[in-house]
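Basis for what follows: all heavy atoms, side chains included, without hydrogens, waters or symmetry-related copies.
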Amino acid sequence: MPIIVNLDVMMAKRKMSSQELAERVGITTANLSILKTGKAKAVRFSTLEKICEELECQPGDILEFRRE
Amino acid sequence: MWNNNKSLFLSRVLTIAAAGVAVFVAFFIPTIADWYQYMMTVEAAGILDRETMFIPMCISLYVCDALALAALWNLHVLLGNISRDEVFIPKNTSCLRRISWICMAAGVVCIIFGLWSSIFAFVGMVAIMFGLIMRVLKNVFEKAVEIKSENDFTI
């Protein structure tokens with residue numbers, strides 16, 4: 001998929017673990033892992049909003065479009 | 001009180017009972033063929049001579065019986081998966097696809113036997129029609145599996 005999820009980069013910048021982010025956002029670590037590994041087929045705006053809020057970033061910092 | 005679990009249990013029991021009937025009938029196929037050869041009315045006769053219908057009828061009935069057992073096995077697997085709450089999975093789609101092909105194969109066998117007894121050609125057409133319906137159902141299931149996968153991977 002040409003949409004790349006750079007969640008791990010932002011998490012590393014904010015020094016936040018997967019478990020901590022999952023708890024703060026209110027999703028399971030398994031779902032966060034699906035998101036991080038790029039296996040997710042869609043992201044809800046509500047989830048994106050919470051992730052951006054917790055990581056203090058913009059959606060564009062997490063999602064990137066790369067032509068295949 | 002009647003509920004989904006009881007309905008599922010009834011379906012499984014009926015499937016097993018139907019398989020039992022199919023196995024039981026298999027032992028009497030030559031008797032049935034012999035009886036039908038002489039009891040068939042003129043209206044039900046086909047274009048070929050009734051004196052030559054015994055062996056084709058035995059073969060048709062054995063093939064249809066085997067196909068019925070295969071279809072019932074697939075139904076049993078399908079019901080087992082549904083009882084484990086695994087409804088929209090690729091395995092169930094495969095079961096429905098197999099059932100559809102089995103119905104169509106049984107339809108073709110019946111249509112061929114329709115040369116000896118025209119009523120079987122009609123039964124064959126009904127079986128093919130049922131196979132077609134099962135195929136459409138399989139297509140619906142296939143789409144549902146895709147939608148479920150998309151839903152499961154929406155975070």
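- Surrounding CZ of B:Phe27 are at most 12 heavy atoms belonging to other residues, nucleotides or ligands under 6.0 Å away.
- Atom CZ of B:Phe130 has 12 or fewer heavy atoms from other residues, nucleotides or ligands within 6.0 Å.
- Heavy atoms of other residues, nucleotides or ligands lying less than 6.0 angstrom from CE of B:Met129 number 12 at most.
- When all heavy atoms of B:Glu150 and A:Lys41 are compared, the pair lying nearest together is CA-CD, 3.9 Å.
- Side-chain contact between B:Thr154 and A:Arg44: present, with at least one pair of heavy atoms (C-beta onward) separated by less than 4.5 Å.
- The neighbour count for B:Asn3 CG, taken as heavy atoms of other residues, nucleotides or ligands under 6.0 Å away, is above 12.
- The distance from the CG atom of A:Leu35 to the CZ atom of B:Phe153 is 12.0 Å, given to the nearest 0.5 Å.
- B:Ile155 and A:Thr47 get closest at one heavy-atom pair: O-OG1, 3.2 Å.
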